[in-house]
Amino acid sequence: MTNTTTARTPDHRDMNRLMGLMTGDEKHGPAATSTLDVLWVLYDRVLRVAPDTVDAPGRDRFLLSKGHGPMAYYAVLAAHGFFDEELLPGFGAYDSPLGHHPDRTLVPGAEIGSGSLGHGLPLAVGSVLGLRAQGLTDPRVWVLIGDAELDEGSNHEAIAYAGPAGLEQLHTVVIDNASSSHGRPGGIAARFEAAGWSVDSVDGRDHEALYAAFTAPHPGRPRAVVARVDPKD
């Protein structure tokens with residue numbers, strides 16, 4: 001498939017149109033729209049990766065663990081030129097590269113195949129360790145997870161390890177749209193703080209607040225940002 005498109009300046013105002021190109025059943029609409037603003041700020045202002053650097057060793061890595069609602073992810077990737085927006089109307093079709101769960105072998109810019117909850121954060125920890133083993137200490141690893149994924153034990157093992165290990169290259173964004181079956185004592189942020197992470201909680205629709213949280217210094221510690229999103233929004 002082609003991973004180039006006509007050069008243009010990405011515009012957040014275009015997101016509704018791009019999202020609207022993807023139709024059909026099993027869209028997991030709320031799971032997608034809850035991530036839209038976080039994804040936009042990351043790809044537009046934070047991540048050091050572009051269509052021509054998707055294989056560069058020094059690129060930032062973004063892992064979408066919340067992969068069962070990838071519509072916003074595809075729209076943001078298309079807006080930033082990773083692939084042509086003409087692919088969006090085929091979302092979920094048999095012969096489309098844009099599946100209901102992202103496939104890293106088919107979607108330019110996708111670092112992992114995802115959708116089975118609870119795997120992205122452990123993979124992100126492993127990615128940081130792999131980069132360290134290669135002497136690559138500048139690339140940052142970002143992972144986006146959902147609040148319900150924190151019901152999976154694999155995430156708590158990753159959280160418990162990353163803090164004491166001082167994985168400064170690791171950044172986690174938790175979309176908190178109140179979809180978790182089990183509440184966190186003290187809230188989501190408290191779980192990360194207890195393991196030694198640098199943590200902040202912000203409005204998941206406020207682009208400036210998200211940017212400030214994403215770029216805050218956190219020497220010697222992994223970073224977690226809890227992005228609160230109204231489930232009715």
Side-chain angles (χ1 to χ4, degrees), residues 35 37-50 53-67 73 76 80 104 109-112 114 117-147 149-150 152-176 184 186-204 206-228:
T35 68
D37 294 280
V38 164
L39 288 166
W40 179 265
V41 173
L42 283 173
Y43 274 92
D44 201 55
R45 303 173 63 181
V46 178
L47 291 173
R48 297 173 298 187
V49 64
T53 61
V54 292
D55 295 317
R59 74 189 184 280
D60 285 347
R61 276 76 167 166
F62 173 76
L63 282 58
L64 180 69
S65 187
K66 188 177 167 68
Y73 183 48
V76 170
H80 288 82
R104 64 174 297 274
E111 296 282 354
I112 60 171
S114 59
L117 301 183
H119 296 309
L121 184 51
L123 287 171
V125 168
S127 296
V128 171
L129 295 175
L131 289 169
R132 281 187 171 187
Q134 299 173 73
L136 297 171
T137 58
D138 189 47
R140 301 166 301 188
V141 177
W142 291 80
V143 58
L144 187 154
I145 69 176
D147 57 336
E149 286 191 84
L150 292 177
E152 303 290 339
S154 56
N155 277 322
H156 293 280
E157 293 177 2
I159 293 169
Y161 173 82
L167 300 188
E168 185 177 340
Q169 290 168 265
L170 177 62
H171 303 73
T172 299
V173 186
V174 183
I175 301 294
D176 181 8
R184 299 286 118 210
I188 292 173
R191 174 65 186 92
F192 287 88
E193 289 171 345
W197 290 56
S198 167
V199 188
D200 202 356
S201 296
V202 298
D203 181 344
D206 186 330
H207 289 199
E208 294 307 317
L210 287 167
Y211 178 73
F214 293 162
T215 56
H218 50 97
R221 295 192 291 168
R223 176 70 168 164
V225 176
V226 181
R228 303 181 306 272

Notebook entry, point to check: Where is the tightest heavy-atom contact between Ser201 and Ala189, given as atom of each residue plus distance?
Noted result: OG-CB, 3.8 Å

Next item on the list: Classify the angle between the aromatic ring planes of Tyr73 and Phe62 as parallel (below 30°), tilted (30 to 60°) or perpendicular (above 60°).
Entry: tilted

Notebook entry, point to check: Leu117 and Glu152: which non-hydrogen atoms are nearest, and at how many Å?
Noted result: O-CG, 3.9 Å

Margin query: Determine whether a donor-acceptor pair (N or O, by modelled atom type, separation under 3.5 Å) exists between the side chain of His156 and the backbone of Leu150.
Written below: yes

Margin query: Given Val125, which partner from the list Leu129, Val128, Leu123 fulfils the side-chain contact (heavy atoms from CB on, under 4.5 Å) test?
Written below: Leu129

Next item on the list: Could you tell me the separation between the CG atom of Leu210 and the OG1 atom of Thr215, rounded to the nearest 0.5 Å?
Entry: 10.5 Å

Check: Which heavy-atom pair separates Ile159 from Ala195 by the least distance, and what is that distance?
Finding: O-CB, 3.5 Å

Next item on the list: Could I get the full list of salt bridge (charged side-chain N to carboxylate O under 4.0 Å, His left out) partners for Arg59, not counting sequence neighbours?
Entry: Glu111

Check: Looking only at atom types and distance, does a side-chain atom of Gln169 sit under 3.5 Å from a main-chain N or O of Ser127, one as donor and one as acceptor?
Finding: no

Notebook entry, point to check: So how far is it from Glu157 CD to Leu121 CG, rounded to the nearest 0.5 Å?
Noted result: 11.0 Å

Margin query: To check you understand the geometry: which heavy-atom pair defines the closest contact between Ser65 and Ser114, and what is its length?
Written below: O-CB, 4.1 Å

Check: Got a second to check how far Ile145's CD1 is from Thr172's OG1, nearest 0.5 Å?
Finding: 6.0 Å

Checklist line | Between CG on residue Asp37 and CG on residue Asp44, distance to nearest 0.5 Å | finding: 11.5 Å

Item checked: Backbone of Gly146 reached by a side-chain donor or acceptor of Glu149 within 3.5 Å -> yes

Next item on the list: Would you name the heavy atoms of Gly118 and Asn155 that are closest together and state the gap between them?
Entry: CA-ND2, 3.7 Å

Notebook entry, point to check: Under 6.0 Å between the ring centres of His80 and Trp40?
Noted result: yes

Notebook entry, point to check: Between Ala209 and Val202, which heavy-atom pair has the shortest distance, and what is it?
Noted result: O-CG1, 3.9 Å

Checklist line | Selection residues 131-144 - residue pairs positive for side-chain hydrogen bond (donor to acceptor under 3.5 Å, both in side chains), sequence neighbours left out | finding: Asp60-Arg140

Notebook entry, point to check: Do Pro139 and Arg61 have side chains that get closer than 4.5 Å, going by heavy atoms?
Noted result: yes

Checklist line | Where at least one partner belongs to residues 213-226, residue pairs that pass salt bridge (Lys or Arg N to Asp or Glu O under 4.0 Å), sequence neighbours excluded | finding: Asp200-Arg223

Item checked: Point-to-point distance, once rounded to the nearest 0.5 Å, from NE2 of His207 to CG of Asp203 -> 9.5 Å

